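Please read the structure below before turning to the comments.
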Amino acid sequence: MTNLADGIAMVAWAWIASLLTREPLLVALMPVALRLPWFLLALPAGVVTDRVDRRRLIMWMDVLRGVAFTGAALAIWAALPLAAAPQAGISSPGLYWALTVAAFAVGAAEVFRDNAAQTMLPSLVPHDQLERANGRLWSAELLTNAMIGPAVGAVLIGAWLPLAFGVNAAAYGLAVVLVAGIAGQFRPEQRAVRNWQAELGEGLAFLRGKPLLRTLAWTTGIWNLLYQMVAIGVVLHAQENLGLSAEAYGLTLAGGAIGGIAGALAGERIAKAFGPARTMPLALSISAPCFALIAVAPGPVTLGLCFAAMQFSGYVWDIVSVSTRQRMIPDALRGRVNSLYRLLAWGMMPLGLVLSGLTVSLAETVIPRAGALSLPFWLAAAGALVLTLAVWRPIQRGFTAS
């Protein structure tokens, strides 16, 4: 349910921003507000996750996200009808900044919620079943987040703008009810003395002592930066260069999710067949050609195929990476080490969004806007190629040593 809401929001945040302004940097700023909490709050989230009942933390964070989406829906409804978006500036500054604050609140809750959920999973399944559990969980998430959600979001936006945010609030409310029914003990062993600096120090010392985890963390971080350059850049590219409607754009993303679901379901078998040391670099190597092909894709079908290949490889990587991490980290430290890992892996996302907007804004002063809108994809492709070559050997050595 929460990933259905996230899938709807994937289209809704960027699309509503593009209805208020056509400046690429301002369009990117709203998704930046959604991702910035991963940089600001990842470390506190780790400490909190290792102190409280993780199931209850998930529930309260979903309540907060539901409230934020309700506020966003009401703000949009009050501002209707929207004026035409200007090429420079914002047509409705009050609505734009209200939605940006709501996006930050949603992102802040997501940091705590997702860290708690990933930390809680090894308490539900045996460790030798983690690849299978993560694959099944992510295939369900992808089905809702990347296939059904964007399509539903596009339809809701086309029907009535506030609906895309109001339906999200209802989905989070139902998710709270579902999580409340999970039985089990999800509070970690309590420390006699609580000191957040010492607790973070323990997590940092563990991460420092695991070269493989460090390599996977910064590799994921750089890849996320590159992916965010593509993800936000494709919004204006799809509208202006390809002439796609909101519905067509949402269906393109949904089509790409088929590859992700296939990768999530096949990840366990691929990892067993090739071994993690070969699976991860091979999965990473697919990114560079996918990013480049997005720049030259002539229409929604080709664009969807690019996203499908990228999602397939990305989720194979995630299954091996996350399962390795969940196995290596003790339960009492899992929240803090996860948060440090995610600070590196997810904290780079806002930078990618800003870089994409800046790239287009600067490039269109010297080249036609159509070419400027495609430039982030070429830069991401070059970055992914360099990243793949740089980490191929370290990842293989890390798995051999561990």
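Note that the structure is predicted; figures quoted are calculated from it, not measured.
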Ring pair (Phe, Tyr, Trp, His ring centres under 6.0 Å) involving Trp38 - partner list, sequence neighbours excluded | Trp346
Has the side chain of Ser356 got a donor or acceptor atom that lies under 3.5 Å from a matching backbone atom of Leu353?
-> no
Do the side chain of Arg132 and the main chain of Asp128 share a donor and acceptor less than 3.5 angstrom apart?
-> no
Side-chain contact test, heavy atoms from C-beta onward, threshold under 4.5 Å: evaluate it for Thr324 versus Phe399 and give yes or no.
-> yes
So do the side chains of Phe186 and Ile58 get within less than 4.5 Å of each other, counting heavy atoms only?
-> no
No-hydrogen, no-angle side-chain donor-acceptor test under 3.5 Å, Gln239 and Arg22 = yes
Sort and list the pairs that fulfil ring-ring contact (aromatic ring centres under 6.0 Å, His included) and have at least one residue in residues 259-278, not counting sequence neighbours.
-> none
Side-chain donor or acceptor of Ser361 paired with backbone N/O of Leu358 under 3.5 Å | no
Just by distance, do the side chain of Asp50 and the backbone of Gly335 share a donor-acceptor pair under 3.5 Å?
-> yes
Do you know the tightest heavy-atom contact between Ile286 and Ser313?
-> CD1-CB, 3.6 Å
Is Gln326 reaching over with its side chain to a backbone N or O of Gln118, donor-acceptor style, under 3.5 angstrom?
-> yes
With Leu64 via side-chain contact (heavy atoms from CB on, under 4.5 Å) - residues at least two apart | Ala109
Can you give me every donor-acceptor pair (side chain of residues 223-235, partner residue at least two apart or in another chain, under 3.5 Å) with its distance?
from, atom 1, to, atom 2, distance (Å)
Trp223, NE1, Ser287, OG, 2.7
Asn224, ND2, Thr220, O, 3.3
Asn224, ND2, Ala345, O, 2.6

Is the backbone N or O of Gly89 less than 3.5 Å from a side-chain atom of Thr21, with the two atoms forming a donor-acceptor pair by type?
-> yes
Going through the checks in order, is the side chain to side chain contact (heavy atoms under 4.5 Å, CB included) test met by Glu110 and Arg35?
-> CA-CA 9 Å; Glu110 184 180 18; Arg35 296 303 180 194; 3.6 Å; yes
Got a second to check how far Thr400's OG1 is from Leu212's CG, nearest 0.5 Å?
-> 9.5 Å
Check whether any side-chain heavy atom of Leu80 lies under 4.5 Å from a side-chain heavy atom of Leu82, and answer yes or no.
-> yes
Only counting residues at least two apart or in another chain, list the ones meeting ring pair (Phe, Tyr, Trp, His ring centres under 6.0 Å) with Phe377.
-> His237
For the atom pair CH2 (Trp13) and CZ (Phe165), what is the distance rounded to the nearest 0.5 Å?
-> 5.0 Å
Grab the two heavy atoms, one from Gly267 and one from Ile319, that are nearest each other, plus how far apart they are.
-> CA-CD1, 3.9 Å
Could you give me the CA-CA distance, side-chain angles and deciding distance for Phe307 and Ile294, then say whether side chain to side chain contact (heavy atoms under 4.5 Å, CB included) is met?
-> CA-CA 8 Å; Phe307 279 119; Ile294 288 173; 4.1 Å; yes
Check whether any side-chain heavy atom of Val337 sits under 4.5 Å from a side-chain heavy atom of Met328, and report yes or no.
-> no
Separation between CG of Leu236 and CZ of Arg369, rounded to the nearest 0.5 Å | 6.0 Å
Roughly how far apart are Thr49 OG1 and Leu57 CG, rounded to 0.5 Å?
-> 5.5 Å
Give a yes or no answer on whether the side chain of Ser323 reaches the backbone of Val320 with a donor-acceptor pair at less than 3.5 Å.
-> no
Can you check whether Met280 reaches Leu216 side chain to side chain, under 4.5 Å on heavy atoms?
-> yes
Taking it one step at a time, do Asn115 and Val111 satisfy side chain to side chain contact (heavy atoms under 4.5 Å, CB included)?
-> CA-CA 6 Å; Asn115 193 56; Val111 175; 5.6 Å; no
Crowded around Arg327 CZ? As in, over 12 foreign heavy atoms under 6.0 Å?
-> yes
Does a side-chain heavy-atom distance below 4.5 Å link Arg54 with Pro188?
-> yes
Verify, without hydrogens or angle tests, whether Tyr172 (side chain) and Phe69 (backbone) share a donor-acceptor contact under 3.5 angstrom.
-> no
Is any side-chain N of the basic residue among Glu131 and Lys272 closer than 4.0 Å to the acidic one's carboxylate O?
-> no
Is a side-chain N or O of Arg55 found less than 3.5 angstrom from the main chain of Ala180, in a donor-acceptor match?
-> yes
Ignoring hydrogens and geometry, is there a side-chain-to-backbone donor-acceptor pair from Arg214 to Arg208 under 3.5 Å?
-> yes
Report yes if the side chains of Trp218 and Met348 come closer than 4.5 Å at any heavy-atom pair, otherwise no.
-> no
So, do Asn134 and Tyr315 sit near enough that their side-chain heavy atoms are less than 4.5 Å apart?
-> no
Sorted by chain and number, sequence neighbours left out, salt bridge (Lys or Arg N to Asp or Glu O under 4.0 Å) with Arg334 holds for Asp331
Atom pair CD1/CD1 of Ile16 and Ile157 - distance to nearest 0.5 Å | 7.5 Å
Centroid-centroid distance, Phe104 to Trp97, less than 6.0 Å = no
What distance separates Leu282 CG from Ile395 CD1, expressed to the nearest 0.5 Å?
-> 10.5 Å
